[in-house]
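To find a chain, count down the sequence lines: A is the first, B the second, and so on, and within it residues start at 1. We use all heavy atoms of the structure for the numbers below, so side chains are in, but hydrogens, waters and symmetry mates are not.
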Number of protein chains: 2
Amino acid sequence: MATGKAQRNTRQRQVVLEELKKLTSHPTAADLYEIARARMPKISLGTVYRNLELLAENGVIQKLEIGGSEARFDGNPERHYHVRCARCERVDDVHDLPGGFVKRPVKHLSGYEILGLRLEFIGICPECRKRSEPGSDEVAPHERDHTR
Amino acid sequence: MATGKAQRNTRQRQVVLEELKKLTSHPTAADLYEIARARMPKISLGTVYRNLELLAENGVIQKLEIGGSEARFDGNPERHYHVRCARCERVDDVHDLPGGFVKRPVKHLSGYEILGLRLEFIGICPECRKRSEPGSDEVAPHERDHTR
DNA sequence: GTGTATGCAAAGCCTTTGCAGCATG
DNA sequence: CATGCTGCAAAGGCTTTGCATACAC
């Protein structure tokens, strides 16, 4: 297997990684850019993107391409699943998934050799549930059906 | 529940829907634009986007926001899962998923009220498997780990 | 010193939107 | 004949990239 080319441990890369590891909020690249700027005012958004991509490729962090337009990043590289709030777009880790929720592993499906799967839950977060007035049964259009 | 406003059955909408229903290839909006143009040279990309969005909201088709940059559309509105090829980005339906692969339903997770889930598989399609020379154990960077 | 990484800014890609005219119901 | 829909084109949002310079090793 080919050895990748030498990567340098720049201050920018350290800052991005450190700040991401502090958070459990699954920030976007723009979020991390703002946070990193507090410590390093001249860091550029492009650098943040480049480093997040690189760290994800190295398996040090995870890039979550979850529903919604922006990618989010997770400082925890361990396998775990996520829930996204259909109202506020908040993303949380799922810690209480019933054991064996998914039967793993599946080796073949529809002629494909299966490498992995992506699973995410959609729901309403505690905050947003509190916020909805009792008695109101209005449903935002985008909440209509997430089960398919 | 509020009644939506009257929607018209335009020729553009018919063409987009008909062409999508003919396909099992999960085309992108741009794909459908090209296909629709064969029948209706003046149709615009904006119109294709607007109609796909509307048809998906009506539950007539599905919008798949699967890994990768572009949204894909599925003329089959029934619930089913998809496999994406990590090499060629092809997307297929999964017809042979073991029964009870996912335990449903889950009502609550991490304080969220769960509305649904998104599940997709990543693998190597039959074509791409055939294409890889036997004996080669090179692995494309993006295939590294899709299991987390 | 060599070559990777950065900052800056421009470009790229997919998608959405404003608007005036058209065509459906 | 009212108004939802269209084509066109421009704008928007997120991400990537070209380039000259800086800095890690």
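In the hydrophobic clustering of this structure, L54(A) does not group with V15(A); members are Ile, Leu, Val, Met, Phe, Trp, Tyr whose side-chain heavy atoms approach within less than 4.5 Å, directly or through other members.
At least one side-chain heavy atom of R87(B) sits under 4.5 Å from a side-chain heavy atom of S132(B). At least one side-chain heavy atom of T28(B) sits less than 4.5 Å from a side-chain heavy atom of R72(B). R37(A) is listed as a side-chain neighbour of I43(A), based on a closest heavy-atom distance under 4.5 Å.
Nearer to the 5' terminus of DNA chain C, by closest-nucleotide assignment, is the contact made by L54(A) (compared with the other of R11(B) and L54(A)). Both Q7(B) and P41(B) lie near DNA chain D, and the one whose nearest nucleotide falls closer to the 5' end is Q7(B).
Contacts between residues 25-37 of chain A and DNA chain C, counted as heavy-atom distances below 4.0 Å, involve no residue at all. Taking a 4.0 Å limit (strictly below) on heavy-atom distances, residues 42-53 of chain A reaches DNA chain C at K42(A), I43(A), S44(A), T47(A), R50(A), N51(A).
An OP1 or OP2 oxygen of dC5(D) is reached within less than 4.0 angstrom by a side-chain nitrogen or oxygen of R13(B). Between T10(A) and dT6(C), a side-chain N or O to OP1/OP2 separation shorter than 4.0 Å is present. The side chain of Q12(B) places an N or O atom within less than 4.0 Å of a non-bridging phosphate oxygen (OP1 or OP2) of dG7(D).
For K21(B) (side chain) and I61(B) (main-chain N/O), no donor-acceptor pair under 3.5 Å exists by modelled atom type. Q12(B) contributes no side-chain N or O that, together with a main-chain N or O of V48(B), makes up a donor-acceptor pair within less than 3.5 Å. Within the 3.5 Å criterion, the main-chain N or O of V106(A) finds no donor-acceptor partner in the side chain of H108(A). Under a 3.5 Å cut-off, the side chain of R13(A) and the backbone N or O of L55(A) do not form any donor-acceptor pair.
The side chain of N9(A) lies closest to dC25(D) when the candidates are dT6(D), dT6(C), dC25(D).
Between the CZ atom of R8(B) and the C1' atom of dT3(D) there is a distance of 5 Å, rounded to whole Å. As a whole-Å value, the separation of R39(B) CZ from dT6(D) C1' is 17 Å. Rounded to an integer number of Å, the gap from NZ of K5(B) to P of dG4(D) is 5 Å. Across the protein-nucleic acid pair, K63(B) atom NZ and dT15(C) atom C1' stand 8 Å apart, rounded to whole Å. Separating the CD atom of E57(A) from the P atom of dT15(D) is a distance of 15 Å, rounded to the nearest angstrom. For the pair E65(B) CD and dT16(C) C1', the computed distance is 14 Å after rounding to whole Å.
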H82(A) vs D93(A), side-chain hydrogen bond (donor to acceptor under 3.5 Å, both in side chains): CA-CA, chis, key distance, verdict: CA-CA 5 Å; H82(A) 298 95; D93(A) 292 333; 3.2 Å; yes
